[in-house]
Amino acid sequence: MGRMILVSNRLPVTLRRGRDGAMDIVRSSGGLVAALGPIHEAGDGLWIGNVGDQLEPDVEKDLSRRRYVAVPVSNTETRGYYYGYSNSAVWPLFHYMPERAKFDRSQFETYRAVNQRFADQIVESYEPGDTIWVQDYQLMLVPRMVRERLPDARIGFFLHIPFPSSEMFRLLPERDEILRGLLGANVIGFHTYDYARHFISAVLRTLGIHMREGIAQLDGHRAEVGTFPIGIDTEAWRKLAVSRAAENSIRELRSYFGERRIILGVERLDYTKGIPLKLQAFRRLLTEHRELLGKVVLIQVVVPSREAIASYDEQRREIEQMVGQINGEFGKPGVVPIHYQHRSTPPAELAALYRIADVALVTPLRDGMNLVAKEYIACQVDGDGTLVLSEFAGAASELGEALRVNPWDVDGTAETIYRALEMDPMERRERTAGMFKRIRANDVHRWARLAIAAIERPAPAQFHAPEARDPDELAALIKPELEKAKRPAILLDYDGTIREFTEQPHEARPTESILRVLKMIERHEKAQLILVSGRDSHTLDDWFSGLAMTLIAEHGAWTRFSGESEWAMAGPVIDQEWKRTVLAMLNEYTRRTPGSSVEEKTTALVWHYRAADKDLGRWQARELTSQLEDYLANEPVEVIEGALNVEVRQQGINKATAYRTVEQALGPFDFHLAMGDDTTDEDLFSAIPDSGFSIHVGGGPSRAKESITSPSAARALLRALFNDRGPASD
Ligand code: GDG
């Protein structure tokens, strides 16, 4: 196993000039350091990140002793890359606050340049076998930049903030480049299933790439989406909560606050954390329950953050003004309702606050996960705290026993705080115990283990883009095997494979030259010719009436064996209720897309857009596919985006099952030649034995071993294989 190369915007250390004038390297605290620090220390890998501009040589040496690699970022670049694009465009937008987002092309260009510098450093440090794991929204272009230079590297990415709904994401001017950047990774990790779902739909709607079951086969690599909710170092927090330092701090707090009940808020100063609305809810609580005055206190800890951005400064002023107003309104000598601090807090002091607080108010407007909620639960060694948690924090999907609030509903939040204060001690304990168990089992070490295992897992049967071959060259390769065979099977798709697409589906009748080729194969004394098509049985009957080959219609739903005139059904037609609504949806898209049409089959419905404007058609196909997938999630059908069509068909019927039916009836075969051009043919390619020849027509990624450029090249190949009287014209 190779090394782990961790990559994050900041290295987990800060440089501080000591009294003697020399630079000290101080380890930072925070969730990411707690998560990745142990992995870095236990292994022999590297951590790549920035610690500021120019480094003194001594410092650089010290860093490299700890296996840290610094990427220099100048102050001007930090303004464009970090304060600019990362935190003034991506951060607000991904937290559903587009009105705060500033989109500035030149800041994006700085973001791109700094991402490129990170990627260059990764490439320089990389050794074959290493795993690369890139963290967070400041580095979203890095996976692709690295992939371009290291096509075989194992690359993971993790997003610590929400991935918004595609309707929000599409506001981002650089949406295409950002998504392509992320898709350079093998595994793109998110905290929750919702974020992963949003990403999949953004990729479909923006790029038209269909991540079936969260997986996309791209040129040369496979990208997969994963859900890994981050945890905390539960054990460490537990220990800290009972440490001597924490006990001392608790004693001090107790002697100061006496019997007063303590409500706690801890957050980085950030407008996503919903501090002003929380203060409003606290004011409402005091207004509604005057009796609480002097009996409860809110300790609000605000950790300084991103002070160079104006909106953060405004947020600070707003909070401080509100704190002043509430204290002015409700305070009297000896009674200060809100104790506010704006500075960073040592971990032991924080643990003491968590432990002593009767209620924690974690009420962000949006939050990727929120570690404070989990740290609060971990520190409930006495089991008597109550967590009030916003439904807009990622943590809400794991912490079901918390009292859930909508932070926008100020009255509702005030009532819930009251309920938390009044809660029966037994109920508090039960709720906390349930959450604690979960937080201990799913701690940060498990998070890292699972994510890394997913990144390092070898991808099953990679799709690749096989190099297209010349028909004669390919024929020379196949012919000796064909001649040896006693019972060869020739499995051909029709549209797009041996027949060029036409404007209207019904215009794609076989040409003279196609019929000639097929007859040529039929004349072969041993070969079994099988046409495996998505077309319906009537069309195939009509078009191939003079031929005796075996026909498969509707991707395997129907079979007409060689020499017979009756069609047999592959299996029972299941419940067709879905068809009515789907048909209505397809008709609606047909109305909206001039030139498109609907085809009805027994087990499927198809929307064709080959005659429509290609751009409009593709756009509509994406919209339609994602709508269908939402709508049909629980139906026994699958949605397939084909070449110039979208098909909804009954599950469990495909070209692989069709092949098996034919093999049972006519086989066993000792030679296989399978040709096809679209997604439905991939099933066939994977069904034939490894020794067979699978040939993809038209280029692009495929499971097939070989590739050929066009239907006319496909016909030339067949002629070369089956016409022993030399080449004939098309
Ligand atoms: C982002 C996402 C996601 C508290 N006081 C100080 C201090 N802390 C620590 C806390 C906690 C961390 O900071 C805050 O983590 P959060 O998760 O609450 O929020 P973000 O900083 O916004 O983190 C978030 C997280 O990434 C992990 O994926 O959960 O959704 O927004 O651990 O204990 N840290 C320092 N000084 C303090 O005074 N250094």
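Ligands are counted one by one from 1 in listed order, and the atoms in each one are counted from 1 as well.
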Can you confirm, on distance only, whether ligand 1 has an N/O atom lying under 3.5 Å from any N/O atom belonging to [X]?
{"X": "I230", "result": "no"}
{"X": "W91", "result": "no"}
{"X": "H95", "result": "no"}

Subject >> Side-chain donor/acceptor of R175 to backbone N/O of R170, under 3.5 Å >> reply: yes

Under 3.5 Å, is there a donor-acceptor pair between the [X] and [Y] side chains?
{"X": "T131", "Y": "E456", "result": "yes"}
{"X": "R112", "Y": "N115", "result": "no"}
{"X": "Y81", "Y": "Q138", "result": "no"}
{"X": "N9", "Y": "N50", "result": "yes"}

Subject >> From the candidates D367, I232, D136, the one that places a heavy atom nearest atom 31 (O) of ligand 1 >> reply: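 Among D367, I232, D136, the closest heavy atom to atom 31 (O) of ligand 1 comes from D367.
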
Subject >> Residue selection (non-hydrogen contact nearest atom 25 (C) of ligand 1) among V362, L371, T272, V301 >> reply: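 The nearest heavy atom belongs to L371.
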
Ligand-side contact atoms (ligand 1) for residue partner [X], heavy atom cut-off under 4.0 Å:
{"X": "G368", "value": "30 (O)"}
{"X": "E375", "value": "10 (C), 11 (C), 32 (O), 33 (O)"}
{"X": "V303", "value": "5 (N), 6 (C), 37 (C), 38 (O)"}
{"X": "R268", "value": "20 (P), 21 (O), 22 (O)"}
{"X": "V372", "value": "18 (O)"}
{"X": "H191", "value": "28 (O)"}
{"X": "M369", "value": "3 (C), 24 (C), 29 (O), 30 (O)"}

Subject >> Cation-aromatic face contact R306/W91, 6.0 Å, 45 degrees >> reply: yes

Original post:
Distance under 6.0 Å and angle within 45° of the ring axis: does R144 meet both against F157?
Top reply: no

**OP:** Have a look at E401 and tell me which of R438, R428, K437 forms a salt bridge (Lys or Arg N to Asp or Glu O under 4.0 Å) with it.
**Re:** R438

Original post:
Once the angle between the rings of H191 and Y195 is folded into 0 to 90°, is it parallel (under 30°), tilted (30 to 60°) or perpendicular (over 60°)?
Top reply: perpendicular

Original post:
Taking the six-membered ring for Trp, are H198 and Y96 parallel (under 30°), tilted (30 to 60°) or perpendicular (over 60°)?
Top reply: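 Aromatic pair H198/Y96 classed perpendicular.
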
**OP:** May I ask whether K273 places a heavy atom under 4.0 Å from ligand 1?
**Re:** yes

Original post:
Out of curiosity, is W447 lining ligand 1, as in a heavy atom under 4.0 Å away?
Top reply: no

**OP:** Quick one: look at L350 and ligand 1, take heavy-atom pairs under 4.0 Å, and tell me if it's side chain, backbone, both or neither.
**Re:** side chain

